[in-house]
**Q** 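Next up is a structure, given as structure tokens.
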Amino acid sequence: MTIRLSDLPYGQQAAVTTVEDAGLPDPIATRLRDLGFVAGEPVRIVARGPIGADPLLIQVGFTRFALRRAEAARVLVEPLAAG
């Protein structure tokens with residue numbers, strides 16, 4: 001089941017499946033890939049902003065990034081089973 005990173009429950013581990021391009025060229029999608037949002041990379045939401053849950057603090061591998069919800073919505077992930 002693939003969902004948007006912005007919809008991933010807080011603390012749930014997931015694996016990146018793809019980053020959606022809004023058009024060509026898409027500098028935001030390119031930058032997300034450069035930052036490590038690539039297929040198979042583990043991700044999780046570490047924290048949410050106080051107003052409207054924006055921005056999101058995302059951990060990719062061992063690195064953390066603050067992303068706007070609109071940016072996180074471009075990343076498709078597959079939730080991983082807890083355990």
Side-chain angles (χ1 to χ4, degrees):
M1 171 183 77
T2 301
I3 63 171
R4 297 190 181 282
L5 179 56
S6 58
D7 296 330
L8 186 69
Y10 174 80
Q12 169 74 47
Q13 187 83 5
V16 174
T17 58
T18 191
V19 175
E20 292 182 327
D21 290 286
L24 293 175
D26 187 346
I28 294 173
T30 300
R31 182 70 175 144
L32 288 170
R33 288 184 199 99
D34 290 346
L35 290 172
F37 291 89
V38 294
E41 194 65 32
V43 296
R44 68 185 175 98
I45 296 176
V46 177
R48 297 180 190 273
I51 300 174
D54 205 13
L56 301 171
L57 182 61
I58 309 292
Q59 183 164 333
V60 180
F62 296 104
T63 307
R64 292 180 176 186
F65 300 98
L67 295 180
R68 294 182 183 105
R69 291 184 69 75
E71 295 165 341
R74 295 168 139 214
V75 180
L76 300 178
V77 299
E78 186 170 320
L80 301 175

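For reference, positions follow the sequence shown, starting with 1. The shown structure was predicted, so the numbers you read here are calculated from the model rather than taken from an experiment. FYI, side chains are in, hydrogens and waters are out, and symmetry mates aren't considered; it's all heavy atoms of this structure.
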**Q** Which atoms form the tightest heavy-atom contact between Thr17 and Val77, and what is the distance?
**A** OG1-N, 3.9 Å
**Q** Would you say CZ of Arg48 has more than 12 non-hydrogen atoms from neighbouring residues, nucleotides or ligands within 6.0 angstrom?
**A** yes
**Q** Of all heavy-atom pairs between Val16 and Val38, which one has the smallest distance, and what is that distance?
**A** CB-O, 3.2 Å
**Q** With side chains defined as the heavy atoms from C-beta onward, is the minimum distance between Arg68 and Asp54 less than 4.5 Å?
**A** yes
**Q** Going only through I, L, V, M, F, W and Y residues with side-chain contacts under 4.5 Å, is there a path from Met1 to Leu8?
**A** yes
**Q** Please confirm whether the backbone N or O of Leu57 pairs with a side-chain atom of Arg64, one donor and one acceptor, at under 3.5 Å?
**A** no
**Q** Of the non-hydrogen atoms in Asp21 and Ala29, which two are nearest, and what is the gap between them?
**A** OD1-CB, 3.2 Å
**Q** Minimum heavy-atom separation for Pro79 and Ala14, please, with both atom names.
**A** CA-CB, 3.8 Å
**Q** For the atom pair CD (Glu71) and CZ (Phe37), what is the distance rounded to the nearest 0.5 Å?
**A** 9.0 Å
**Q** Counting only N and O atoms by type, is there a donor-acceptor contact under 3.5 Å from the side chain of Tyr10 to the main-chain atoms of Val46?
**A** yes
**Q** About how many Å separate CG of Asp7 and CG of Leu76, when rounded to the nearest 0.5 Å?
**A** 10.0 Å
**Q** Which heavy atom of Gly61 sits nearest to which heavy atom of Glu41, and what is that distance?
**A** CA-OE2, 3.5 Å
**Q** Drop me the distance from Leu5's CG to Leu32's CG, to the nearest 0.5 angstrom.
**A** 9.5 Å
**Q** With no hydrogens and no angle check, is any side-chain donor or acceptor of Arg44 less than 3.5 Å from a backbone partner on Gln59?
**A** no
